[in-house]
Structure formats: C-alpha cells, structure tokens
Amino acid sequence: MQPVRPEFAPDPALDRAEMESLQREIAETATFADDLSVDPLDPHTLVAGVDQGFSDGTATSAIVVTRGGNVVERVHARVDTEIPYIPGLLSFREGGAILAALDELSTDPDVFMFDGSGRIHFREAGLATHIGVMLDAPALGVAKNLLCGQPRESLDEPLPEGTRVPIEADGEVTAPDGTVIGHAVQSRQYDSGNRYINPLYVSPGHRLSAETAADIAEHCCDGYKLPEPTRLADAHAADVSRK
DNA sequence: GCGACAG
DNA sequence: ATCTTGTCGC
C-alpha cells in the first residue's frame with residue numbers, strides 16, 4: 001500500500017531542525033481520538049504488527065497482519081541504514097524501511113501497531129504517529145521503555161497484571177501539562193517470585209484515543225508481555241534480518 | 001551548565 | 001537495535 005500523505009515522508013536527509021519542524025506539523029495533523037470504521041476489538045479486525053531489525057548497514061522492516069490470532073499476511077523489505085538512532089527522531093531512521101515493506105503489503109489493515117511511541121513523544125509525533133498520519137490510518141505505538149512523560153503513579157514497584165497507569169505530559173512534552181498521552185500497561189506479570197515483568201508503554205499514534213490504544217494492545221496479548229502482532233513482526237524481522 | 005532520551 | 005551462554009525460576 002502507498003502513503004496517503006507522501007509529503008510527510010520521513011526524509012533522513014533533513015537536518016535536525018527540519019525534522020522537528022515536520023514532526024510539529026504531523027502532530028497538528030494527528031487525531032488522538034477514536035476514528036475507526038470497525039470495532040478494533042472485533043475478531044474480524046485486521047491488525048498489522050510492524051517491527052524493524054538491523055544488521056550490518058541494512059534496516060529490515062517486517063509487517064505481520066493478524067486477524068483474531070491468525071496470520072493473514074507477512075512481508076518484509078530491506079533498505080540501507082541512513083542515519084543513527086537519535087532519541088526523538090526514530091521515525092527518520094526506520095521510516096524508509098517501513099515504507100518499503102508497506103509497498104509489499106497487499107492487505108489493507110484496520111489498525112497498525114508499531115514498535116516504539118506514538119503520542120508519548122516530545123512533540124507528540126513518535127514513530128506510530130508519523131507513519132499513522134502518512135497512511136491516515138488508525139495506529140498505536142507499543143514501547144518497552146518510556147521516552148518521556150510522567151506516570152501518574154510510581155512504577156517503581158511491580159504492578160499486578162491488568163494494571164494501567166496513565167502517562168501525563170509534563171514540561172518536556174508539547175501537550176498541556178497533565179494531558180494523558182498514553183499508558184503504562186502491565187500486560188503480564190508473574191504470580192509470585194523474585195522476578196517481575198516491566199510494563200509496556202502504549203500510546204495512540206493516529207485516529208485512536210489513549211484508552212482505545214491501551215485496549216487494543218492488551219486485547220492482542222496472548223500469554224506474553226508483547227501483543228501478538230508485535231511479537232510476530234519482531235520474530236520475522238529478526239529472522240529475515242541477519243541473512 | 002544539568003539532565004534525559006523509543007529503537 | 002545489536003553483541004551473546006549459561007542460568008535462574010516457575
């Protein structure tokens with residue numbers, strides 16, 4: 001599939017100021033409220049997991065489309081790595097590979113699930129927001145670490161499975177202080193023991209509310225910390241990346 | 001100058 | 001993200 005808004009393509013040749021400027025424009029275009037044509041939790045909904053792997057000088061993007069737990073389509077594409085990882089500018093490093101993989105996709109997913117942040121971003125324009133706005137499709141970001149923002153409650157102590165803690169905007173985020181830009185979602189936890197699992201950081205990318213984004217991520221989990229679409233894309237990316 | 005940072 | 005075996009705990 002092709003982007004609906006190619007003018008928002010993450011060009012790695014831009015300088016830092018231009019990248020940040022583009023992100024501000026993308027954030028203004030993004031919608032952080034539900035705007036879907038289907039029920040995202042319905043078993044018929046097509047959810048696409050997107051993840052990248054790096055090896056040598058190439059970035060590999062893998063997309064796995066699922067429908068009620070079954071794999072509907074699986075594609076990948078490789079592209080030369082253009083720039084290094086810079087916190088806040090991830091979409092400019094991984095976007096090219098993602099667009100190449102999307103070009104291979106014949107399915108038309110209802111929701112896109114990206115590895116990384118959406119609205120939980122300094123300028124509210126993380127990877128999930130950037131690609132989601134380009135496609136003008138419902139998108140969310142699932143990250144393993146918190147980029148910015150302030151948890152409403154301490155996350156120092158292990159949380160029970162199913163717990164959800166709002167992440168609010170603070171001085172380092174463009175949104176007004178206190179705005180809920182995402183959630184820490186404890187998708188899985190050990191019943192007892194010494195070890196514990198960290199929560200996921202889920203945020204809306206485009207056309208989804210913070211609550212619905214968390215609902216989708218949680219709904220897609222099947223016994224593991226990561227939601228299935230992300231897990232499958234993760235495995236496929238790693239699989240085809242170093243070969 | 002200090003601090004803090006997805007993958 | 002990536003470099004990497006065994007090891008601890010359920």
Side-chain angles (χ1 to χ4, degrees), chain A residues 10 12 16 19-20 23 26-27 30 49-63 76 78-99 101 112-132 139-151 155 158 161 167-175 181-185 188-206 210 213-214 217 223-227 230-231 233-243:
Chain A
R16 189 175 186 125
M19 290 180 177
E20 296 183 352
Q23 291 183 325
I26 285 167
V50 186
D51 188 32
Q52 287 63 248
F54 294 81
S55 187
D56 299 314
T58 64
T60 302
S61 178
I63 303 177
H76 77 270
R78 330 185 45 149
V79 137
D80 291 330
T81 300
E82 307 268 18
I83 58 175
Y85 163 67
I86 300 171
L89 300 178
L90 183 65
S91 62
F92 292 91
R93 172 174 164 79
E94 309 194 339
I98 295 174
L99 289 178
F112 287 86
M113 186 179 284
F114 295 93
D115 64 308
S117 294
R119 195 182 189 183
I120 294 182
H121 180 274
F122 311 118
R123 293 167 290 282
E124 302 176 83
L127 177 66
T129 303
H130 198 142
I131 308 300
L140 67 143
V142 176
K144 303 176 202 66
N145 291 288
L146 189 60
L147 173 63
C148 59
Q150 186 63 50
L155 298 178
E161 189 167 305
I167 302 299
E168 304 178 330
D170 56 9
E172 59 180 353
V173 179
T174 52
I181 54 178
H183 293 87
V185 175
R188 197 191 165 194
Q189 189 54 280
Y190 295 133
D191 302 313
S192 61
N194 321 311
R195 298 185 305 175
Y196 62 91
I197 299 173
N198 291 134
L200 294 174
Y201 296 94
V202 184
S203 59
H206 184 45
Y224 294 91
K225 165 179 175 174
L226 293 176
T230 297
R231 273 189 70 242
D234 206 329
H236 192 226
D239 204 33
V240 82
S241 180
R242 46 177 167 70
K243 288 177 184 176

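Naming convention: chains lettered A, B, ... in sequence-line order (proteins, then strands); numbering from 1 in each chain.
- Nearer to the 5' terminus of DNA chain C, by closest-nucleotide assignment, is the contact made by A/G53 (compared with the other of A/D191 and A/G53).
- Considering every non-hydrogen atom in both A/A233 and A/A62, the closest pair reads O-CB, 3.6 Å.
- Using a 4.5 Å cut-off on side-chain heavy atoms (C-beta onward), A/L127 and A/H121 make no contact.
- Not one N or O on the side chain of A/R188 forms a donor-acceptor pair closer than 3.5 Å with the backbone of A/E161.
- Partner of A/Q52 under the side chain to side chain contact (heavy atoms under 4.5 Å, CB included) criterion, out of A/V79, A/I98, A/L90: A/I98 alone.
- Taking atom OH of residue A/Y224 and atom C1' of nucleotide C/dC10, one finds them 14 Å apart after rounding to whole Å.
- With contacts defined as side-chain heavy-atom distances shorter than 4.5 Å, the pair A/M19/A/I86 does not qualify.
- Between the P atom of C/dG9 and the OH atom of A/Y196 lies a distance of 16 Å, rounded to the nearest Å.
- Mapped onto DNA chain C by nearest heavy atom, A/Y190 and A/D234 fall at different nucleotides, with A/D234 at the one closer to the 5' end.
- Within 4.0 Å (heavy atoms only), A/G141 reaches no atom of the nucleic acid at all.
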What are the atom names and distances for every N/O pair under 3.5 Å that joins the protein to nucleotides 3-7 of chain B?
| from | atom 1 | to | atom 2 | distance (Å) |
| --- | --- | --- | --- | --- |
| B/dA6 | OP2 | A/Y85 | OH | 2.7 |
| B/dA6 | N7 | A/G88 | N | 3.1 |
| B/dA6 | N6 | A/G88 | O | 3.1 |
| B/dA6 | N6 | A/L89 | N | 3.2 |
| B/dA6 | N6 | A/L90 | N | 3.0 |
| B/dA6 | N1 | A/L127 | N | 3.2 |
| B/dA6 | N3 | A/S117 | N | 3.0 |
| B/dG7 | OP1 | A/K144 | N | 2.7 |
| B/dG7 | OP2 | A/N145 | ND2 | 2.9 |
| B/dG7 | O3' | A/D115 | OD2 | 2.8 |

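- When all heavy atoms of A/S203 and A/R119 are compared, the pair lying nearest together is OG-N, 3.4 Å.
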